[in-house]
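Just so you know, these numbers use all the heavy atoms, side chains as well, and skip hydrogens, waters and symmetry mates. Each chain gets a letter, A, B and so on, in the order the sequences are listed, and its residues count up from 1.
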Amino acid sequence: MLHVQGLFFRYKNITVLKDVEIGLNKGEILSIVGPNGAGKTTLLKSIVRIVKPDKGTILIDGKDASRMNRLNLAKCISYVPQALPSKFPISVFDAVLMGRRPYIVWKPSKKDLKVVADLLKSMHLESVALRDFDQLSGGQKQKVLLARAFAQDTDYLLLDEPTSNLDLKHQMEVMEMISGMVKKKGMAAMLAMHDLNLASRFSDTIMMLNAGKVFCTGEPSQVITVENIKSVYGVEARVNRNSGHPYILPIRPLN
Amino acid sequence: MEDICQQYQGVTGRKISFIILLALVLFGVSIIALSQGPSSVGFRESFAALFQDSGLAHGIIWKLRLPRIVMAIMVGCGLALAGTVFQAILRNPLASPYTLGIGWSAGFGAVMAIIFGAGLYNEYLIAGNAFFFALLSSFLILGIAKFKRSTPETMILAGIAIMFLFSSLSSLFQYMGTMEEVHEIVFWFFGSLSKVGWKEISMASVMILFPIPILLKWSWDFNLLAAGDESAKALGVNVDAIRMLGVVLASLVTAGAICFTGVIGFVGLVSPHITRMVIGGDHRFLLPASALVGAVLVLTADILGRALWAPQVIPIGIVTSFVGVPFFFYLLMKKTREYW
């Protein structure tokens, strides 16, 4: 279980995260939603220690993450960032092989290569395996980054807006790959999401973040409500509950 | 599934073959260099003299030609390695010991030691001072990069500023120096391999060779830095430490490469690019291959510099640019793929 307790993060004089509590069980998908600047990305980065939180503890299966070294942390949590540097001159195979880095001492073993090859095959990336990462489409790039995170072989997977900038089909494919992997390997995934409908369709739990504070947490049907969207996003919306998952239809911004 | 693995291993094999090929080329060029020089010690003679322990030919080979060759290889390797490392840790295709001004400040350190240590020519002082000044400007650039979230352009601009500062400081020395000192400095600015002996070589090789295994060990981390600091951290790389120590080592290598030979500018920038165009951006192969490319480049330039206008010797720094620039342009025009 990934347990975040009393997390605070301050940037200059602005409090970005305020007393955030999260409990994430294996086999579950948690989506963190909220308006721009709510602190979603900072929250994920604090958990993988890309940034250092001011206060709070992160327990990974009971162990304090701040006492683990980076390499061991990288064996527990993988992270898919929102964007990469504009140029990333490396082949797709090598990009995925990077995910094995926490396990490689001098050179990749047969097992490392096999893990990468299997992932590329199962994610339908074999045809581009030796192409340059830079030459891929946005959707393929996201899948490669996902494959890299899977190659890391961790129990916890953190993704920062994995579906932004993707077309409809790639959005569905990426989300299905994530939920498939969570089910198959008993991982837990935490996603920062903008698309409330995708979040509600694929998540076990949704956490709504507003101005660095947890506004509410619960099952999608509890969290995605007309009132919550109104007070957190300032948007008038309709919520349709016919299909099993709440589905929102935004109407207009409120002032 | 075995298929992708095999294909990947095939690609890896080709990269290794390229490195072996480069080593052979370097060996071949060294042999040509060995048989060349103003004295008429030819191919056979020079080779035989390598294994004799007396005679004129022996002296020429062991005291003049071989040190020159070894130093050329060292300088080429060193500048190319430093360039590759700077490009990786600053994630900047324009980075190299000279575009960052580090070569110039190391040079200033060396010139300063030559002049103020006048009379007591001391290779430790020269090398040490060169390293000190190289580190100074490296950390200046690193500091700018860290605190200003700087773009590649800012770093290069800072490097150019540093270059101007140190080249004008060196000019000041020239202006105020005696004839002899001025000669020394000017000679240094052209870049020259004619003044090196085994003492300098052993000093330089410590500075250049000692960091190599560490840099090779870090090649994975350099690869990961290319994917951005965030990805690298999430994959277990201690980004700040690698960047800091990488700069220290690259500065050490730079200082070692230039403190006895002077300005040989172009190698550090082009060698990594030439290599990347052939075998791609994986530092496990890029580092050794680029070092070999640098060595071949400098050694070839030295042969040309001695042969083109014999018996006049054109300084190595000048020839490197004459050889390197057109070749680099050719590669840039020919390749449509971008590597940065």
A:Arg148 versus chain B, the contacting section by heavy-atom distance below 4.5 Å = side chain
Contact class of A:Ile50 relative to chain B, heavy atoms under 4.5 angstrom = both
Distance-minimising heavy-atom pair for B:Thr84 and B:Ser290 | OG1-OG, 2.9 Å
Return yes when atom NZ of A:Lys183 has more than 12 non-hydrogen atoms of other residues, nucleotides or ligands closer than 6.0 Å, and no otherwise.
-> no
Residue from B:Asp229, B:Val11, B:Asn223 scoring the most non-hydrogen pairs under 4.5 Å with chain A is B:Asn223
Show me the donor-acceptor pairs within less than 3.5 Å that the side chains of residues 205-212 of chain B make with the rest of the protein, sequence neighbours left out.
| from | atom 1 | to | atom 2 | distance (Å) |
| --- | --- | --- | --- | --- |
| B:Ser205 | OG | B:Ile201 | O | 2.9 |
| B:Ser205 | OG | B:Ser202 | O | 2.9 |

Top contributor to chain A contacts, counting heavy-atom pairs under 4.5 Å, from B:Leu216, B:Asp282, B:Val237 | B:Val237
Side chain, backbone, both or neither: which part of A:Lys45 has a heavy atom under 4.5 Å from chain B?
-> side chain
Which atoms of A:Ile104 come close to chain B, meaning under 4.5 Å heavy atom to heavy atom: side chain ones, backbone ones, both, or neither?
-> side chain
Where does the angle between the aromatic ring planes of A:Phe93 and B:Tyr8 fall among parallel (under 30°), tilted (30 to 60°) and perpendicular (over 60°)?
-> parallel
If you take all heavy atoms of B:Ala232 and B:Leu224, which pair is closest and at what distance?
-> CB-O, 3.7 Å
